[in-house]
There are 2 protein chains.
Amino acid sequence: MIKNTLPLIVFFLFSSLLVCSCTTAEAPPNYKTEKTDTKKIEIPTPETVLRSLHDDALVGSPAYSQLRYLCKDIGARLSGSENAQKAVEYMQRVLDSMNLDSVYLQPVMVPHWERGEKEFCQIIGSQDKNIDQKVLDITALGGSVGTNGKVKAEVISVNTLSDLEKISEKEAKKYKDKIIFITQPMDAKLISTFSAYGGCSSVRVVGANYAAKVGAKGFLMRSLTLQNDNHPHTGVMIYEEGTKQIPAAALSTNSANYLEKALKKADKENASVEIEWQLNCETLPDVLSYNVVGELRGREKPEEIITVGGHLDSWDLGEGAHDDGTGCIQSVEVVRLIKNLETRPKRTIRCVLFMNEENGARGAKKYAEIAKENNENHLAALESDSGGFTPRGFRVQDSTRLKIIQKWTPLFKPYNLHKVEYGFGGVDIRPLGETGTLLIGLEPDSQRYFDHHHAKTDVFEAVHEREFLLGAAAMASLTYLMAEYGVE
Amino acid sequence: MIKNTLPLIVFFLFSSLLVCSCTTAEAPPNYKTEKTDTKKIEIPTPETVLRSLHDDALVGSPAYSQLRYLCKDIGARLSGSENAQKAVEYMQRVLDSMNLDSVYLQPVMVPHWERGEKEFCQIIGSQDKNIDQKVLDITALGGSVGTNGKVKAEVISVNTLSDLEKISEKEAKKYKDKIIFITQPMDAKLISTFSAYGGCSSVRVVGANYAAKVGAKGFLMRSLTLQNDNHPHTGVMIYEEGTKQIPAAALSTNSANYLEKALKKADKENASVEIEWQLNCETLPDVLSYNVVGELRGREKPEEIITVGGHLDSWDLGEGAHDDGTGCIQSVEVVRLIKNLETRPKRTIRCVLFMNEENGARGAKKYAEIAKENNENHLAALESDSGGFTPRGFRVQDSTRLKIIQKWTPLFKPYNLHKVEYGFGGVDIRPLGETGTLLIGLEPDSQRYFDHHHAKTDVFEAVHEREFLLGAAAMASLTYLMAEYGVE
C-alpha cells in the first residue's frame with residue numbers, strides 16, 4: 001500500500017481521527033474523576049489510564065529484553081531441571097529490582113521427568129521390500145516410560161481415539177504386542193486453533209492407556225499442530241493407575257503422513273510395517289521448586305487481591321517462548337506498568353509465576369492451597385497462557401461476572417480488544433476458582449500458536465515485540481480496572 | 001498451555017460449543033431460505049454459506065501455492081519490468097484455468113523506473129577524525145533521479161517534514177548544497193501501524209521537494225518501519241513540477257540511528273559529517289502493461305458489479321508478498337470459493353488485479369475510466385492491500401452505507417471479524433468511488449505489516465498460510481453477501 005499523493009495522506013490522518021471519534025461516540029462507562037476520602041487522591045479517568053499504560057508498554061519497555069534472557073540465556077525450563085531453577089532465580093532478581101511491596105518464593109515439590117538421549121524411530125520395511133527404510137521425526141511424550149533400549153514392533157493404525165476406545169475384546173487380538181498409531185489430525189476448519197487442539201489433546205493425554213488396554217506395547221500419535229513440517233510436538237501424557245505403562249511418542253506431521261501412507265500401501269499388499277524405536281526417558285524423584293511472587297499492595301483495600309500470572313516451566317524442546325515465557329514476562333510487565341502510574345490502584349495486584357503447569361500444575365495447586373490457608377480474598381485472577389500474539393480480548397469463566405467485564409468494552413475498543421466472551425481462564429488459576437475467584441484468560445490471536453507449541457520452534461524469534469507488548473498492555477488495562485473498580 | 005486431565009478436555013469441548021451457541025443466540029439478520037421466481041433456486045442461509053466458504057478456504061485451497069509461485073518463481077514485480085509482465089501472464093493463466101464467464105486483460109501504459117546497480121552510501125568523517133567511516137544501508141526512493149556517479153556532500157539533519165517546511169529564506173543558506181536528512185520516526189505509540197505510517201509517509205512522498213526548495217542537493221530519510229534493523233524500505237516519491245529534482249533515498253533504521261548519532265556528536269564538536277553516495281536509478285519511457293480481470297456473472301442482476309481486487313505490481317526489493325501478492329491471490333480465491341457454492345449469487349463478481357498501484361495507480365484509473373465509458377453499474381469494490389495477516393474486519397468508506405455492512409456483524413462474529421468501521425477502502429478502488437461505488441478495505445491485523453512493507457523482507461515466508469486464507473474467506477464472505485443481498 002502506498003500513499004502516493006498528499007490528499008491521500010491527509011485522508012489517512014483524517015480517517016485515524018475518525019476512528020478516535022467513533023470510540024468516544026460510544027456511551028462510555030459511568031466513571032468520574034474520583035476523590036477518595038482518605039487521601040484526597042485525584043484518580044484520572046480510565047480512558048487516560050489505559051492510554052498511559054499502552055504508551056508506557058509500547059515505548060522503552062524492558063519486557064522484550066527480559067523475554068530474550070529467559071529464552072536465549074536460560075532456555076527450556078522443564079519442571080525439576082536446572083534451568084527451571086535458574087528461571088526462578090532470574091525472575092526473583094527481576095521482581096526484586098522493581099521495588100515492589102514484597103517479593104517471595106513459594107516452595108512446591110514438582111515432578112521430574114527427563115527425556116534422556118534423543119529418541120530414535122525408523123521404519124524397517126521387513127515384510128514389504130517396497131517400503132523404504134526411513135528415519136521418522138519423533139519425540140517422547142512427557143511422562144512416558146522409555147523403551148528399554150532399541151526395540152522392534154509392528155505398527156497398526158487407528159483413525160481416532162474414539163475408534164480405539166471402541167475396540168472389543170474379540171478384536172483386541174489384532175493389536176496385541178503392536179504399536180498403535182492414532183492418525184487423528186487437528187481439524188483445520190475450526191477458526192480457533194485452540195478448539196482444534198481441544199478436539200485432539202485427549203489423544204495425547206490418555207491415548208497410551210487405551211492402547212495398553214487392548215494389549216499394545218507402544219503408542220504413537222501425530223503431533224498436535226496444523227503445520228506440515230518435521231518438528232514433533234511433545235506434551236503431557238498420564239498413565240492411569242492399574243494400566244500397563246507403555247512407551248508413548250509423537251511423530252512430526254510429515255513423518256506421520258509418511259507412516260500413514262506406508263501403512264496404507266502395506267495394507268493393500270497384505271503386508272505389514274515394522275518400526276525400530278528407542279525412547280530413553282524416565283521419571284525421577286520429585287524435586288523442590290518454587291512459584292515466584294511479586295506484590296503491589298492496594299492503596300485502600302490491600303486485602304482484596306487480583307492475581308496476574310503465567311507459568312515459568314516449559315517443555316524441553318524449544319525455549320518456552322510463547323508457552324509461556326511471554327505470559328510470565330507480560331505478568332511482570334503488568335506490575336511495572338501499573339506501578340508507573342501516578343496513583344497505585346485500590347486493590348492489591350499480585351504477579352505470580354507458576355511452576356509446573358506443563359506436567360502436574362503443582363504450583364497452581366500450591367498457590368490456591370496457601371491462599372485458602374491464609375484466608376486470602378482473591379477477587380479475580382488473569383492468566384496469559386495462549387501465546388504472545390496480538391491480543392483480541394479476554395475469556396471470562398463466569399457468565400454472570402462476564403457482564404461486569406463487558407461493561408468495559410468501550411474502554412478496550414481503541415486497543416482492538418473486541419472479544420470479551422465466556423471462556424476458559426487458565427490451568428494455573430483454575431484451583432483458585434474453587435473458592436469463587438473470577439477466572440480470566442488473555443485471548444490472543446490463535447493462528448500461529450500451534451506452530452510452536454511444545455516443539456523446538458517455540459523460540460524467542462517467534463515472538464513479535466509489539467504483539468507481545470500489546471498483550472501486556474491489554475492485561476495491565478483489565479488488571480488496573482479490576483484493581484481500581486472491583487468486579488462486583 | 002496443556003490439557004492435562006480429561007475434565008479439562010471436556011471443558012474445552014464444552015466451551016467451544018458455548019462459543020457456537022453464543023453466536024446463534026445473537027439476533028441474526030432477517031434472512032430466510034429464499035426462492036427466486038425465475039428459477040426456483042433454494043438459497044441457503046447466509047450462516048451456511050459463510051461456514052462453507054471458510055471450510056473450503058481452510059482445507060485444500062490452491063491459494064498458498066499460487067502465492068508461492070508469484071513470490072518465489074516470479075518475484076518482485078515493479079511496473080514496467082519483465083517480472084510484472086510475467087505476473088500478468090501467470091495470473092491470466094490461473095484465471096483461465098478456473099472456467100469463469102470471462103477473463104481478459106485491460107491494457108494500460110505504466111511508468112518505468114529502474115533502480116540500476118545497488119546504491120552505495122558511506123559516512124566519510126572528513127572533518128572529525130573521531131567519526132568512523134561507515135557504510136550505511138540505503139535504498140533509492142522510487143521515482144528518484146540518480147546521483148550521476150559517486151558524489152560527496154555534507155549531511156544536515158532536520159527533525160520533521162514540518163520543520164523543513166518552515167525554514168525561512170534567511171535560514172536556507174545553511175542548507176545550500178547539503179544533503180537534508182529528516183530523522184522523523186514512526187510513532188510507536190499508535191496502535192494501528194497504518195496510522196503511524198500515515199503520520200510519516202509524506203516525508204517520503206514530498207520531502208525531497210521541500211529539501212530542494214531550500215537549496216539542498218540530496219534528500220535522506222529514515223525508513224518507514226517500527227523495527228530496528230538493517231533493511232531500508234523504499235516507496236514512491238513524487239517531484240513537484242517546477243522544483244529541482246534531487247536524489248532521494250531512505251536509510252535502514254539502524255543506519256539512520258547511526259547517522260543521527262554521528263551528526264549529534266559532530267554538532268557538539270563544531271564539526272560536520274560528510275557522506276559519499278551513489279544512486280543509479282532512472283526513469284525510462286512508459287511501458288504497455290495490463291490489469292488482469294476475471295468475472296463470475298450474476299445469476300439475476302449481472303449488470304450490478306462487485307469488484308474485488310489487489311495490486312499485481314510491487315516494489316523491487318522483496319517478493320511483493322504482503323504488498324500485495326496476498327491481496328491478488330486472495331481476490332482470485334474469492335472467485336474460486338464463491339464459484340464452488342451450489343448457486344452463484346445474484347450479482348456479478350469481478351476479480352481485478354490492478355497494475356501500478358505503487359508508483360502511479362495507472363491501472364486503478366484505467367479500470368474506473370473504462371467502467372465509466374461502458375456505463376457499468378459498480379455497486380461496491382473491496383480491496384485487500386494491508387497485508388495477508390489475520391483479518392480483523394473491514395473499513396467502509398461511507399458512513400451511511402457502513403450501517404448496511406454493520407448489519408452483517410453477527411454473521412462475521414464466528415470468524416473473529418469484529419471491526420467493521422469507517423475507514424479507507426484502497427488506492428486501486430478509489431477512482432471508482434467518484435461515481436458512487438461503495439469502497440471497502442479488508443482490515444487485517446497491522447502489527448507486522450511495516451516489518452516487510454517495501455523492503456527485502458517482504459517475502460513468501462513472511463505470510464502465514466492460515467492467516468492469509470482466513471483473509472480470503474473474510475473477503476469471500478462479504479463479497480458473497482453484497483452480491484446476493486446488495487448494498488442498498
Side-chain angles (χ1 to χ4, degrees), chain A residues 1-6 8-9 11-13 15-16 18-19 22 54-55 58-59 188-195 197-199 201-202 205-206 226 235-236 238 323-324 357-361 385-386 390 392 414-416 418-419 421-424 426-427 445 447-448 451 453 464 466-467 470, chain B residues 1-6 8-9 11-13 15-16 18-19 22 54-55 58-59 188-195 197-199 201-202 205-206 226 235-236 238 323-324 357-361 385-386 390 392 395 414-416 418-419 421-424 426-427 445 447-448 453 464 466-467 470:
Chain A
M1 196 186 222
I2 58 149
K3 316 291 142 306
N4 63 357
T5 56
L6 267 180
L8 181 54
I9 296 155
F11 176 80
F12 250 85
L13 290 169
S15 68
S16 72
L18 272 172
V19 170
C22 278
H54 278 81
D55 287 353
L58 288 170
V59 179
K189 289 182 179 175
L190 295 170
I191 304 302
S192 160
T193 61
F194 281 92
S195 301
Y197 176 70
S201 56
S202 53
V205 180
V206 300
L226 288 159
V236 79
I238 297 168
D323 189 14
D324 182 28
E357 189 266 359
E358 293 293 3
N359 53 343
D385 186 20
S386 309
T390 305
R392 309 287 303 248
Y415 308 103
N416 292 331
H418 299 102
K419 205 174 168 181
E421 293 177 4
Y422 184 89
F424 180 63
V427 170
D445 194 278
Q447 297 312 318
R448 287 176 283 146
D451 301 357
H453 181 248
H464 188 268
R466 277 179 66 88
E467 294 186 348
L470 285 169
Chain B
M1 196 187 224
I2 57 148
K3 316 291 142 305
N4 63 357
T5 57
L6 267 180
L8 182 54
I9 296 155
F11 175 81
F12 249 84
L13 291 170
S15 67
S16 72
L18 272 171
V19 170
C22 277
H54 279 81
D55 286 354
L58 288 170
V59 178
K189 289 181 179 177
L190 295 171
I191 305 302
S192 160
T193 61
F194 282 90
S195 302
Y197 176 72
S201 56
S202 52
V205 180
V206 300
L226 288 160
V236 79
I238 297 168
D323 190 13
D324 183 26
E357 189 265 2
E358 293 294 3
N359 54 344
D385 186 20
S386 308
T390 304
R392 309 288 303 248
R395 302 182 301 263
Y415 308 102
N416 292 330
H418 299 102
K419 206 173 168 183
E421 293 177 3
Y422 184 89
F424 180 63
V427 170
D445 194 278
Q447 297 311 318
R448 287 176 282 146
H453 181 249
H464 188 268
R466 277 179 66 89
E467 294 186 349
L470 285 170

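Counting heavy atoms from C-beta outward, A:D451 and A:R448 have side chains that approach closer than 4.5 Å.
With chain B as partner, the option from A:T390, A:V59, A:L226 having the largest number of non-hydrogen pairs under 4.5 angstrom is A:T390.
Between A:Y197 and A:H453, the ring planes lie perpendicular to each other; the angle is over 60°, past the 30° to 60° tilted range. Between B:H54 and B:Y415, the ring planes lie parallel to each other; the angle is under 30°, not in the 30° to 60° tilted range.
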### Task
Test salt bridge (Lys or Arg N to Asp or Glu O under 4.0 Å) on B:R392 and B:E421 and set out the steps.
CA-CA 11 Å; B:R392 309 288 303 248; B:E421 293 177 3; over 6 Å; no
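When heavy atoms are compared at a cutoff of 4.5 Å, B:L190 approaches chain A solely by way of its backbone atoms N, CA, C and O. At a 4.5 Å heavy-atom cutoff, the contact between A:N416 and chain B is made by backbone and side-chain atoms alike. Only the side chain of B:D445 has a heavy atom closer than 4.5 Å to any heavy atom of chain A.
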